[in-house]
Amino acid sequence: KGQDLNSIYLNLNRSLRAVTQAVAFAFPPPPIQGIGNVGGFTMQVEIRNGDFDYALLQSLADAVVGAGNAQSALQRLNTTFRAGAPQLSVTVDRTKAETLGITVGNVFSALSTYVGSGYAAQFNKFGHVFQVYTQALPDYRASADDVRNLKVKAGNGTMTPIGTVADIKEVQGPSLISLYNLYPSATVAGSPAPGFGSGQALDIMDQIGQHELPPGTGYEWTAMSYQEKAVGSQMYFVFGLAILLVYFVLAGQYESWILPLAVILGVPMALLGTVAALTALGAVSTIATQSGVAAINLYTQIGLILLIALSSKNAILVVEYARERRTEGMEIVAAAVEGARLRFRPILMTSFAFILGVFPLVIATGAGAGARRSIGITVFSGMLASTCLVVVFIPSFYVVMQRLQERWTRRAEHNYGTSAPRSNAETPESSA
């Protein structure tokens, strides 16, 4: 307890608020590890006119962050880009260095070793190989004056302060220069507020980017946001194709274009349970929305596709039995009631066996629990709703569709019988 994603995330941000020397914040990890570094959305603000004005890039990123934090649908927008980080600028007087017998390469090598570190040697002890690195102590490289007093070997063998041959001064500049599609860029990250989806957040950020960024600049989506923009709308096509596949299989099995609709109409009942569960969880849990547990993510979409088959299975049990009784001559309503009565126990047995089987996913904890809970909550709530509603509504759907099917068949037979052409060789008796 206290080591789950929600607790760690909230405790980190609560502790980081006390940091005054830096801008520190925490984000939950992305729903799919390896696609981006943080959850929520990630935008790259770019300068596209060929300029490398990092002060301008900083102002653009700050404008986007400020406009985003002013929106009630967004929260915790920030940027890791800093154009005013303290730095030391070193300009070597090459002529003076050569006069003193100090090569420019020696100056750069000494600076790299003192300020950073340099490999010196290695030795064996206790059966292990240890490497030796050299570096100036922190107190001797903390300021520009300290770096000036660091020494480099001259041509006559004497140790000369680096400040003799180099001008060292304190400046400000970006601590990290990043290019996105060859443009100077600043990363802006944030997350949707509780009660808002990631698609709504991306649409609002699109509007902010178009309003805040002047000509010659722009923005692009990256990480999970790029994937969502690129393939987010394809979910509707995948869902439609899955339903179409079930419809065509049933149409071939029933030899009817109308009767499979009695089964397909049971799919939305399963989705009612999923929508209700995700809406309730997203409304009461901030971290659920941010980490993707109670949002429409990849795992939730997989669960929705799975629900098409599971909910259709329950409906098929009723429709198939009622269809057989109707073929034997039983009246339509009586066949539907008989199918619902006799298939009630098999539906409950198979459905609750599956529901109890996925329940551990709903209460999953530990590493990777977000993915398991996403698909578990989706399937668990959907099957629960489907099981409770299928025995109530599917018989009614069957009655309506079976009557439409028979009416369509009688009309087709009537039209065929009255409009069929009679050949010259037919007699009234033979045609009768």
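Excluded from the calculations below are hydrogen atoms, water molecules and symmetry mates; all remaining heavy atoms, backbone and side chain alike, are included. None of the values given here were measured: they were computed from a predicted structure.
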Student: Side chain of Tyr321, backbone of Leu342: donor and acceptor closer than 3.5 Å?
Tutor: no
Student: Is a side-chain N or O of Ser351 found less than 3.5 angstrom from the main chain of Leu348, in a donor-acceptor match?
Tutor: no
Student: Under 30°, 30 to 60°, or over 60°: which ring-plane class applies to Tyr119 and Tyr133, parallel, tilted or perpendicular?
Tutor: perpendicular
Student: Under the 3.5 angstrom rule, does the side chain of Ser109 hit a backbone N or O of Gly105 as a donor-acceptor pair?
Tutor: no
Student: Would you check, one step at a time, whether the test side-chain contact (heavy atoms from CB on, under 4.5 Å) holds for Ile375 with Val358?
Tutor: CA-CA 9 Å; Ile375 192 170; Val358 300; over 6 Å; no
Student: Going from CD1 on Ile377 to CZ on Phe359, what distance comes out if it is rounded to the nearest 0.5 angstrom?
Tutor: 10.5 Å
Student: Does the side chain of Ile47 come within less than 4.5 Å of Tyr183's, by heavy atoms?
Tutor: no
Student: Is there a side-chain contact (heavy atoms from CB on, under 4.5 Å) between Phe130 and Gln122? Walk through the geometry before answering.
Tutor: CA-CA 5 Å; Phe130 295 91; Gln122 64 184 25; over 6 Å; no
Student: Might you confirm whether atom CD of Glu328 has over 12 heavy atoms from other residues, nucleotides or ligands at distances under 6.0 Å?
Tutor: yes
Student: Kindly check if the number of other-residue, nucleotide or ligand heavy atoms within 6.0 Å of CD (Gln131) is above 12?
Tutor: yes
Student: Pick out which of Glu331, Glu406, Gln402 makes a side-chain hydrogen bond (donor to acceptor under 3.5 Å, both in side chains) with Arg326.
Tutor: Glu406
Student: Could you tell me which non-hydrogen atom of Tyr140 sits nearest to which non-hydrogen atom of Leu150, and how far apart they are?
Tutor: O-CD2, 3.6 Å
Student: Using atom types as modelled and distance alone, determine if a side-chain donor or acceptor of Arg148 lies under 3.5 Å from a backbone N or O of Ser143.
Tutor: no
Student: To the nearest 0.5 Å, what is the distance between CD (Glu220) and NZ (Lys229)?
Tutor: 13.0 Å
Student: Is Val263 close to Phe397 at the side-chain level, that is, under 4.5 Å between some pair of heavy atoms?
Tutor: no
Student: Is there side-chain contact between Ile208 and Leu74, with heavy atoms separated by less than 4.5 Å?
Tutor: yes
Student: Indicate yes or no: at least one non-hydrogen side-chain atom of Gln71 is less than 4.5 angstrom from one of Leu77.
Tutor: no
Student: Can you tell me how far CD1 of Ile162 sits from CG of Asp167, rounded to the nearest 0.5 angstrom?
Tutor: 13.0 Å
Student: Measure across Met224 and Pro30 and return the closest heavy-atom pair with its distance rounded to 0.1 Å.
Tutor: CG-CB, 4.3 Å
Student: Using modelled atom types and a 3.5 Å cut-off, is there a donor and acceptor pairing between side-chain atoms of Arg141 and backbone atoms of Ala136?
Tutor: yes
Student: Would you call Thr42 and Tyr226 a side-chain contact if the rule is heavy atoms closer than 4.5 Å?
Tutor: no
Student: Kindly give the heavy-atom pair with the smallest separation between Ala166 and Val90, and that separation in Å.
Tutor: CB-CG1, 4.0 Å
Student: Is any side-chain heavy atom of Ile305 closer than 4.5 Å to one of Gln301?
Tutor: no
Student: Quick one: do Arg82 and Asp62 satisfy salt bridge (Lys or Arg N to Asp or Glu O under 4.0 Å)? Show the steps, please.
Tutor: CA-CA 10 Å; Arg82 292 293 180 269; Asp62 291 341; 5.2 Å; no
Student: Hey, are the side chains of Ile316 and Leu250 touching, using non-hydrogen atoms and a 4.5 Å cut-off?
Tutor: yes
Student: Would you sort out whether Tyr254 and Glu320 count as a side-chain contact (heavy atoms from CB on, under 4.5 Å), showing the intermediate values?
Tutor: CA-CA 9 Å; Tyr254 297 158; Glu320 180 67 20; 2.9 Å; yes
Student: If you draw a 6.0 Å radius around CZ in Phe123, do more than 12 non-hydrogen atoms from other residues or ligands fall strictly inside?
Tutor: yes
Student: Could you tell me whether the side chain of Thr187 reaches within less than 4.5 Å of the side chain of Tyr180, counting heavy atoms only?
Tutor: no
Student: Quick one: pull up CG in Leu57 and CZ in Phe52 and give me the separation to the nearest 0.5 Å.
Tutor: 10.5 Å
Student: Please test Phe380 against Leu361 for side-chain contact (heavy atoms from CB on, under 4.5 Å), starting from the C-alpha separation and ending with a verdict.
Tutor: CA-CA 9 Å; Phe380 178 86; Leu361 298 178; over 6 Å; no
Student: For Asn11, does its backbone N or O pair with a side-chain atom of Ser15 as donor and acceptor, under 3.5 Å?
Tutor: yes
Student: Would a distance-only check, ignoring hydrogens and angles, find a side-chain to backbone donor-acceptor pair under 3.5 Å from Glu46 to Leu179?
Tutor: no
Student: Determine, step by step, whether Gln405 and Ser256 satisfy the side-chain hydrogen bond (donor to acceptor under 3.5 Å, both in side chains) criterion, reporting the C-alpha distance in whole Å, the side-chain angles of both residues, the deciding distance to 0.1 Å, and the verdict.
Tutor: CA-CA 8 Å; Gln405 171 66 32; Ser256 169; 2.6 Å; yes
Student: Measure the spacing between OG of Ser374 and CG of Leu278 and express it to the nearest 0.5 Å.
Tutor: 8.5 Å
Student: Of the non-hydrogen atoms in Tyr398 and Ile332, which two are nearest, and what is the gap between them?
Tutor: CE2-O, 4.0 Å
Student: What distance do Met205 atom CE and Asp203 atom CG have between them, rounded to the nearest 0.5 Å?
Tutor: 11.5 Å
Student: Return the minimal non-hydrogen interatomic distance between Ala144 and Leu88, and the atom names on each side.
Tutor: CB-CD2, 3.9 Å
Student: Quick one: sort the Phe81 and Tyr54 rings into parallel, tilted or perpendicular, breaks at 30° and 60°.
Tutor: tilted
Student: So, Arg76 side chain and Ser191 main chain: donor-acceptor pair closer than 3.5 Å or not?
Tutor: no
Student: Grab the two heavy atoms, one from Ala262 and one from Met401, that are nearest each other, plus how far apart they are.
Tutor: N-CG, 3.8 Å
Student: Strictly distance-based, threshold 3.5 Å: is any side-chain N or O of Asn69 a donor or acceptor partner for the main-chain N or O of Gly66?
Tutor: no
Student: With a 3.5 Å distance limit and no angle check, can you tell me whether Thr378 reaches the backbone of Leu304 through a side-chain donor-acceptor pair?
Tutor: no
